Amino acid sequence: MFLSASLNFERQKLADFLRKCSKGLLIGQGLKAHAALEKMGFNSDLMLSNDLIDMYAKCGRVDIAAQVFDKMPDRNVVSWTSLMSGCLRNGDAFGALSLFLAMWGAEVRPNEYTLSTAVKACWSAGSVESGSQVHAVCVKTGFDVVSVVGNSIIDMYAKCGRVEDAARLFDAFPEKNAICYNVMIAGYASEENGHKAVILFRDMRVKGIVSDEFSYASVLKAVGCVGAVRQGAQVHASLIVEGFPISGKKIVAGALIDLYVKCGCVREAREVFEQCEEKSVVSWTTLILGYAQNGSVAEAMECFRQLMESGVEIDGFVISSLMGVFADLALVDQGKQTHCYAMKLPFGLDLSVCNSVVDMYLKCGLVEEAERHFDEMPVKNVISWTVMITGYGKHGIGESAVRLFDRMQSENVQPDEVSYLAVLSACSHSGLVKDSQNIFFKLCLDRHVKPKIEHYACVVDSLGRAGRLQEARNLIDSMPFRPNAGIWQTLLSACKVHGNVEMGREVGNILLDSDGENSVNYVMLSNIFANAGYWKDAEKVREIAKTKGLKKVAGRSWVEIDKKVHIFFGGDDTHPLTPEIHAVLEELEKKMKEESGYTHMVQYALHDVEEESKAANLKAHSEKLALGLALICHGLEEGGDMIRIFKNLRVCGDCHEFIKGVSKILKKVFLVRDSNRFHKFENGLCSCKDYW
DNA sequence: CTAGGGTTAG
């Protein structure tokens, strides 16, 4: 087409203007330019149409970009690539990939821009299979050695968990620039490879490649993953030496805050945070979690309050993080409150928010509430299903867990290794041995998931609880893994339940050799001996533990009354109502003795699994104290609201029996959440089928 | 028209 000089001038002006709109994200101006363009009859101009696509894509309107694209009489590689990258930018990786395929059908050849976009779309879509296919195309077309493409490929493999493949390509890559290094350092930023990230970071500097913010952020993440505070401080120091003021570098500062938080140095984290001129929501989130993980819930909530006042925009990450804190501590009132607040926000229905809410309700013992929110979720992902399955499992409703696991697949959600683990664990808690075996079998045939040792452990647990110890033992022997301490502990615990001293002795010895610093092993083994009357053996095991100076985790229980959390340790007498608590417990014990002949189950006192403290006797177990306080506050009349008690370890057997008795006498319902599962006590019975 | 970084839910 021949254009007059003035028309050509107008055309160039429009193109310049569109690029300006695209750069400045000025959708309003862009729409005007589009109208002008049509009026002037430039509809079928290839270059201008491409500029339009790019403008709309960058301004977040891929839908209009696609309309422009569809109307074009001719499309070149730029048209296709612009739309592809628009899809990807908009979070539609699959859309980008299908365009990539369609482009081949239209016989348009990709260039380096197209290929790097396609590679990125693959990892965004989580499909390393597509990624390696596109990789093959890059090799065939010779684009794989172009740095933009090559770097994308390395990044793709690293982000899809194939770090070794990424490293192989990285080593062979001819001209490594800073981005190439950064991609690989980021790929190494994990627990298992963190040290390699540090080595590469040094190597990069030795080779004279200038490290930038990206390098720093990634290497800081890496040292955080391996928990290397000292190395982290070194990196921090070199940041200062090289004149990298973190105040203006949000991401580097964020990485630094996270590093200090991960190492338990919340004070240092706060210092860095305060140094930032512009505090991002990410830094706030990191800090909030830092406080919570270090046991300062009040500080965490205060931090959240400050965030809300700061004017920084709240996002789904903070809400789901906070919800996780409430879930862990079972702070149901705060959880509900935050949930109500979150629902009014634009991201209130985001997956991570909904998932964290459902999890919070489950961990607070409100199964129906959780089910309601789960059912109402507009979209579910594999995590949503897993949360619910785990919840059912912990509440001893294994049948529901298995049913949900089936439903998830009928709704075309592919289970991953965590969901398999959740359902297998639910089976073992509910004694569903057959289901456990069937699901495990299915897992072995599932092309998408590889069975891990934890899956084996669940089946070993199921078999063990059912008393099929030899089968459990055989399964361990048949594993393609070297057995770890965890799986032996599972078997040992089964030996204890079923009083199998011979196997217990054998397994116990293996454990004492391989995991000799863990007090749990000694306690369990000594219990097996003591239960069977082998007192001398029991004593010997306890002696070894004692000479090694092994300490146990202190047991603690808590109960929430009027939004206040009351925490008790074993033998705790610090609560102002301590005399009243003991009086209530005493009275109930007397009644129980009269009605059903209950006496303390002394075996738990002599060698309890969690043996909270030497001084504590059964009457002063933390869960009983919490129960006593709850009863005083709720009143001793029959019936009333469900009382919820929480413990950081497993509930002791005597307390378990005791609470059963109380639930019968007072016709009250108790829900106890311990480290293992939920116990719902009602009318003298407990919901769990796996307690001993 | 293209490549890299810090926070979350199981």
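Remember, it's a predicted structure, so these values are computed and weren't measured experimentally. In the text below, chain A, chain B and the rest are named by the order of the sequence lines, each starting its count at 1.
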Q. Looking only at side chains, do Asp359(A) and Ser356(A) share a donor and an acceptor under 3.5 Å apart?
A. no
Against the side chain of Leu351(A), the closest entry in dG5(B), dA9(B), dA3(B) is dA9(B)
With the side chain defined as heavy atoms from C-beta on, Ser320(A) is closest, among dA9(B), dG6(B), dA3(B), to dA9(B)
From CG of Leu220(A) across to P of dG5(B) the rounded distance in Å is 15 Å
* Asked: Is it true that the side chains of Tyr392(A) and Glu371(A) contain a donor and an acceptor less than 3.5 Å apart?
  -> yes
Ranking dT2(B), dG5(B), dT7(B) by distance to the side chain of Ser116(A), first place goes to dT2(B)
Whole-Å distance, Ile314(A) CD1 to dT7(B) C1', equals 13 Å
Distance alone, cut at 3.5 Å: any donor-acceptor contact between the side chains of Gln306(A) and Glu302(A)? yes
Q. Is a donor-acceptor contact shorter than 3.5 angstrom present between the side chain of Ser283(A) and the base of dG6(B)?
A. yes
The nucleotide from dA9(B), dA3(B), dT2(B) with an atom nearest the side chain of Ser147(A) is dA3(B)
Thr117(A) and Thr114(A): side chain donor to acceptor below 3.5 Å:
no
**Prompt:** Aromatic rings Tyr361(A) and His373(A): how do their planes relate, parallel, tilted or perpendicular, breaks at 30° and 60°?
**Reply:** parallel
In whole angstroms, the gap separating C1' of dC1(B) from CG of Asp51(A) amounts to 10 Å
With the side chain defined as heavy atoms from C-beta on, Ser321(A) is closest, among dT8(B), dA3(B), dG10(B), to dT8(B)
Winner on side-chain proximity to Ser85(A), out of dG6(B), dT2(B), dG10(B), is dT2(B)
In whole angstroms, the gap separating C1' of dA9(B) from CE of Met388(A) amounts to 15 Å
**Q.** Short side-chain N/O contact to dG5(B) OP1/OP2 from Lys250(A), under 4.0 Å
**A.** no
Next on the checklist: Just N and O in the side chain of Lys159(A): are any of them under 4.0 Å from OP1 or OP2 of dG5(B)?
Outcome noted: yes
Please verify the inter-ring angle class for Tyr341(A) with Phe304(A); under 30° counts as parallel, over 60° as perpendicular, anything in between as tilted.
perpendicular
Quick note, Leu289(A) side chain, CB onward, closest among dC1(B), dG5(B), dT7(B) is dT7(B)
To the nearest angstrom, the CZ-C1' distance between Phe214(A) and dA3(B) comes to 10 Å
The nucleotide from dG5(B), dG10(B), dC1(B) with an atom nearest the side chain of Glu213(A) is dG5(B)
Indicate, with a heavy-atom threshold strictly under 4.0 Å, whether Thr114(A) touches base, sugar-phosphate, or nothing.
nothing
Here the distance between atom P of dT8(B) and atom CG of Asn355(A), to the nearest Å, is 15 Å
Taking dA3(B), dT8(B), dG6(B) as options, the one with an atom nearest any side-chain atom of Asp258(A) is dG6(B)
Side-chain atoms of Val252(A) come closest, of dT2(B), dA9(B), dG5(B), to dG5(B)
It should be established whether Arg75(A) places a side-chain nitrogen or oxygen under 4.0 Å from OP1 or OP2 of nucleotide dC1(B). no
Tell whether Asp212(A) reaches the base of dG5(B) with its side chain through a donor-acceptor pair below 3.5 angstrom. no
task = Record whether the side chain of Ser280(A) comes under 3.5 Å of the base of dG6(B) through a donor-acceptor pair of N or O atoms.
result = yes
* Checking all strands, does Val418(A) fall into the base, sugar-phosphate, or nothing category for heavy-atom contacts under 4.0 angstrom? -> base
In whole angstroms, the gap separating C1' of dT2(B) from CG of Asp54(A) amounts to 12 Å
task: Report which part of the nucleic acid Asn381(A) touches: base, sugar-phosphate, or nothing (heavy-atom distance under 4.0 Å, all strands).
output: base
query: Is there a donor N/O on one and an acceptor N/O on the other, under 3.5 Å, for the side chain of Ser218(A) and the base of dG5(B)?
result: no
Is the number of heavy atoms from other residues, nucleotides or ligands within 6.0 Å of CD (Glu191(A)) greater than 12? no
When rounded to whole Å, the CD1 to C1' distance for the pair Ile319(A) and dT7(B) reads 13 Å
